Amino acid sequence: MKISYLVKRFVPYFKPYIPILVLDLLCASLTTVCELVFPMLVRYITDMGMNDPAALTVGLIIKIGLFYLVLRIIDAAANFYMADTGHIMGAKIETDMRRDLFNHLQKLSHSFYSNHKIGQLMSRITSDLFDITEFAHHCPEEFFICGLKICVSFVILCGVNIPLTLIIFVTMPLIFLFVKFFNSRMRRAFKRQREQIGEINSQVEDSLLGIRVVKSFANEDIESEKFEEGNKKFLDTKKVGYFYMAGFQTSNRFFEGIMYIAVVVAGGIFMINKQINPADLTAYLLYVSTLLASLRTIIQFTEQFQRGMTGIERFLEVMDTPADIVEDEDAVDIENAEGNIDFENVSFHYSDDETEILSDINLHIKKGESVALVGPSGGGKTTLCNLIPRFYDVTSGRILIDGQDIRHVTLKSLRNTVGTVQQDVYLFSGTVFENIAYGLPDASRDDVIKAAKRAGAHEFISSLPDGYDTYVGERGVKLSGGQKQRISIARVFLKNPPILILDEATSALDNESEKIVQESLEELSKGRTVFTIAHRLTTIRNATLILVLTDKGIEEQGTHKELMEKKGLYYNLYSMYTDM
């Protein structure tokens, strides 16, 4: 992305803080004035001391000193505002960007997360934006100060000696050419660093989340080697960045020396030829020092600028990723949903693969009916269920709930209408109460306890050290599989949706836990439209409709009795399972 584009996209974040920015730049002007006045005072005293010593009294010098002291007090107050409120403004902009990025990530579909590493996304939302505070504060401030110093210095120096000023300023285009050369290379190096630290985050997250598997196979050395490899790659990217940074700083120090030599040599010759007096040359040298300090500040800020640009670019890469699932502008809420579902000529394939997962599916499910999905892996069972809450959009056809096309209803009301119990239960880091209440955030404690009782979870929760206030650990590691599953069922009980999806909810449990959870699921399913992705076929014999899904679509459908009498694919699957 071009810098002009990045700046254009970044500037709107200043809008809420324009008063702070204006006052910050005003303070920057005051500090600049204080710095530019000093050489003029030195020139005045030196010139008077050489040409009219009698007029240079102690009282005059004290008055000049007091005047400059007042300027320095103003400078200190202005600098404090810049360092305090200016930085807070930058931190607020960083906070706003991180909020927007997180909110956008919440809108992106399942397919986005299937193609991106969580560690990389964490890097973009945390470390990539760390430099934004400094960048947002210093970028307008430093460029304003340095631009003001360069322009004012040029005018004042021209008033002292135009030829000498032109000699100084003729070297500046060369400096900016070198700045441009190294800038592009530093930016590429910084972007590679960001990408590599994202890879390290991904590797660390993967290793630590799977630490029990690592230890069970005694593969700590392998994980350390993998981390070391990524760590060394990060070091290599930093070496490249430091190489260009060193070249950048060295070339600019060289040009600084050239400018000083030009002032001393040319100024000395002009003084010999009476074209400039010693007082003017002294002031000239002080202004050149101010000018070079400004250039040095720009040069030092360039590294920070490029880091900020890199962070903004990686921020925009995610923000510019369109959400696959977009809510219709005229979307309405589903009210008092009953649970009638229709699939009309529904086909689906993933956006990055033209192979159809589902083709021309037609179903009519009445409220309260139970639909079971069976068949080999890859047949589209989970995909079909994911289409109902619009985790993915159909490629063609449409899905109706109570006669309403789900693409024309609000996502929030649609997903509140559908409850899901998955095989892989995710519990958030927090208490049992907080995890159950996630199903209905405004629920009272009595409602949560009631839901837990219906899920068969109240007894074991009560036996925990702190009951409902027991901390479950990261991803619920302190609980067994059956306990986590019953908490997830309680969460759905609390949500109380008319449509329920059971995605192999008991397949990972032992027999005893399965029996308890299965009883909870049967209680949960009463009066709801239920889609069950079945692993154990004996649990779906009472389903209203059984669909046998393969890569060819729905090969068979009917009740358990009808499909067994047909002695087709379902018969073979069921016989194979019961013979095990």
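Every value quoted in this text rests on a predicted model; they were computed, and no experiment measured them.
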**Asked** Would S462 and Y468 count as a side chain to side chain donor-acceptor pair (under 3.5 Å) if you check the C-alpha gap in whole Å, the side-chain angles of each, and the deciding distance to 0.1 Å?
**Response** CA-CA 7 Å; S462 300; Y468 284 84; 5.2 Å; no
**Message:** Show, in sequence, the C-alpha distance, side-chain angles and deciding distance for S347 and D360, and conclude whether the side chain to side chain donor-acceptor pair (under 3.5 Å) test is met.
**Reply:** CA-CA 5 Å; S347 297; D360 202 29; 5.3 Å; no
**Message:** Let's go through Y471 and D466 carefully: what are the C-alpha distance in whole Å and the side-chain angles of both, what is the deciding distance for side chain to side chain donor-acceptor pair (under 3.5 Å) to 0.1 Å, and is it a yes or a no?
**Reply:** CA-CA 8 Å; Y471 177 69; D466 296 312; over 6 Å; no
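Residues passing the salt bridge (charged side-chain N to carboxylate O under 4.0 Å, His left out) test with R398, sequence neighbours excluded: E344. In this view, K552 satisfies the salt bridge (charged side-chain N to carboxylate O under 4.0 Å, His left out) rule with no residue, not counting sequence neighbours. Annotation: salt bridge (charged side-chain N to carboxylate O under 4.0 Å, His left out) contacts of E369 (sequence neighbours excluded): none.
In this structure, V492 and T420 have side chains that are not in contact, with every pair of non-hydrogen atoms separated by 4.5 Å or more. Residues P376 and T550 are in side-chain contact: their nearest non-hydrogen atoms beyond the backbone lie under 4.5 Å apart. Counting only heavy atoms from C-beta outward, the side chains of L105 and I125 approach each other to under 4.5 Å.
Considering CD of Q485 and CZ of R491, their distance stands at 9.5 Å, rounded to 0.5 Å. Here the CZ atom belonging to F112 is positioned 5.0 Å from the CG atom belonging to L121, to the nearest 0.5 angstrom. Here the OG1-CG distance, from T529 to L500, works out to 9.5 Å after rounding to the nearest 0.5 Å.
Remark: K8 fails to qualify as a cation-pi partner of Y5 under the 6.0 Å distance and 45° angle criteria applied to the six-membered ring.
Note on K191 versus E317: salt bridge recorded, some NZ/NE/NH1/NH2 to OD/OE distance being below 4.0 Å. Using a cutoff of 4.0 Å between basic side-chain nitrogens and carboxylate oxygens, D447 and K450 are not scored as salt-bridged. A salt bridge links K526 to E523: at least one charged side-chain nitrogen sits closer than 4.0 Å to a carboxylate oxygen.
Ring planes of F428 and Y438: tilted class, angle from 30 to 60°.
A donor and an acceptor atom, one from each side chain of S525 and E522, are nowhere located under 3.5 Å apart. A side-chain N or O of D96 and one of Y17 form a donor-acceptor pair less than 3.5 Å apart. Using modelled atom types and a 3.5 Å distance limit, the side chains of R528 and N496 yield a donor-acceptor pair.
With F343 as the partner, the side-chain contact (heavy atoms from CB on, under 4.5 Å) test is satisfied by one option alone out of L384, V394, L400: L384.
Separation of the Y574 and H560 ring centroids falls under the 6.0 Å cut-off. Checked against the 6.0 Å centroid threshold, F315 and F10 do not count as a close aromatic pair.
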